[in-house]
Amino acid sequence: MIVLGVFTDEYTIYLKFNGVANYPVFNLFLIIEAALLFTFFYNILSLKYSKIFIFPVVGIFSLYWLLSFVKHGLDSFLDFNAAIENISIIILSILYYYEQITVNFNREIYIKPRFWVVSAYMLYSAGTFFLFLFIGTVASNQQQNIYILNYAFLVIKSILLSIAMLMKNEPGIRKTFTLT
């Protein structure tokens, strides 16, 4: 997903410098990112009520995104949808931490890569929540200055995702190889 995000950012910068509206690309990335993140959380959450919580969230988010895209489409960034996605990711991250600490009694959750992935998206969502919520109310010439905050949290998210990618999935299991 991080590769898709990098390509999206680069392509939208290219579009902006060529005078083409880049909002449709951002809006499309928003729904793809949300679908992938909701699928990820569905796979890592273990409690039944946690998984059941995802279905209405996905339905409401998808329906609202579709209605917003039909209404605004190519004219604007669906900033309120990004804020809804951020709220959903924050809630799902808290559910993940809750399950790991109370239900699974896992005190060393930081050993698993999924902890770092959840932490990356939790920090990014928490850091950019108000940015995406209010970016539409700011004058266009000031938006780029405020959007720097998004880039700062993208760097933090990328560092945490890099930590997750460099970790082994099961640190306790090591295979031994013998020469024959």
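As the structure is a prediction and not an experimental result, all values here were calculated from the model. Along the sequence shown, residues carry numbers from 1.
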Given side-chain contact (heavy atoms from CB on, under 4.5 Å), test E85 with N81 step by step and report yes or no. CA-CA 6 Å; E85 179 191 11; N81 290 18; over 6 Å; no
Criterion side-chain hydrogen bond (donor to acceptor under 3.5 Å, both in side chains) on Y96 and S50, from CA distance to verdict: CA-CA 9 Å; Y96 168 77; S50 298; over 6 Å; no
Step by step, would you call L92 with M122 a side-chain contact (heavy atoms from CB on, under 4.5 Å)? CA-CA 9 Å; L92 290 170; M122 168 80 165; over 6 Å; no
Stepwise side-chain contact (heavy atoms from CB on, under 4.5 Å) test for F115 and Q100: CA-CA 9 Å; F115 167 79; Q100 294 302 307; over 6 Å; no
Test side-chain contact (heavy atoms from CB on, under 4.5 Å) applied to V58 and F61, step by step: CA-CA 5 Å; V58 169; F61 179 80; 5.9 Å; no
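Clustering ILVMFWY residues whenever any of their side-chain heavy atoms sit less than 4.5 angstrom apart, transitively, puts Y151 in the very cluster that holds F129. In this structure, I60 is not a member of the same hydrophobic cluster as L30, with clusters built from ILVMFWY side-chain heavy atoms closer than 4.5 Å. Under a hydrophobic-cluster definition in which Ile, Leu, Val, Met, Phe, Trp and Tyr are linked whenever side-chain heavy atoms come within less than 4.5 Å, directly or via other members, Y98 and I52 are assigned to different clusters. Under the 4.5 Å side-chain heavy-atom criterion for ILVMFWY residues, no single connected hydrophobic cluster contains both F80 and L67.
A distance-only check finds a donor-acceptor pair linking the side chain of T137 to the backbone of F134 [under 3.5 Å]. Judged by distance alone, the side chain of W116 and the main-chain N or O of I159 form no donor-acceptor pair under 3.5 Å.
For the atom pair CG (L95) and CD1 (I44), the distance works out to 10.0 Å, reported to the nearest 0.5 Å. Put simply, CG on L131 and CD1 on I148 are 11.0 Å apart, with the number rounded to the nearest 0.5 Å. Here the CG atom belonging to L161 is positioned 11.0 Å from the CG atom belonging to L166, to the nearest 0.5 angstrom. The OG atom of S119 lies 13.0 Å from the OH atom of Y110; values are rounded to the nearest 0.5 Å. To the nearest 0.5 angstrom, I89 atom CD1 is 11.5 Å from I94 atom CD1. Atom OG1 of residue T128 and atom CG of residue L133 lie 10.5 Å apart, to the nearest 0.5 angstrom.
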Contacts table for residues 35-42: side-chain donor-acceptor under 3.5 angstrom, sequence neighbours left out:
unit_1 : atom_1 : unit_2 : atom_2 : d
T39    : OG1    : A35    : O      : 2.8

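When all heavy atoms of V57 and S88 are compared, the closest pair comes out as CG1-OG, 3.4 Å. Across all non-hydrogen atoms, the minimal contact from L47 to E99 is N-OE2, 3.0 Å. The two residues V117 and A164 come nearest to each other via the heavy atoms CG2-CB, 3.7 Å. Of all the heavy atoms in E33 and K157, the pair that sits closest is OE2-NZ, 4.1 Å.
Aromatic rings of W65 and F69 (six-membered ring for Trp) have centroids within the 6.0 Å cut-off, being under it.
Between Y124 and N150, the side chains place a donor N or O and an acceptor N or O closer than 3.5 Å (distance only, hydrogens not considered).
Counting heavy atoms from C-beta outward, F53 and I91 have side chains that approach closer than 4.5 Å.
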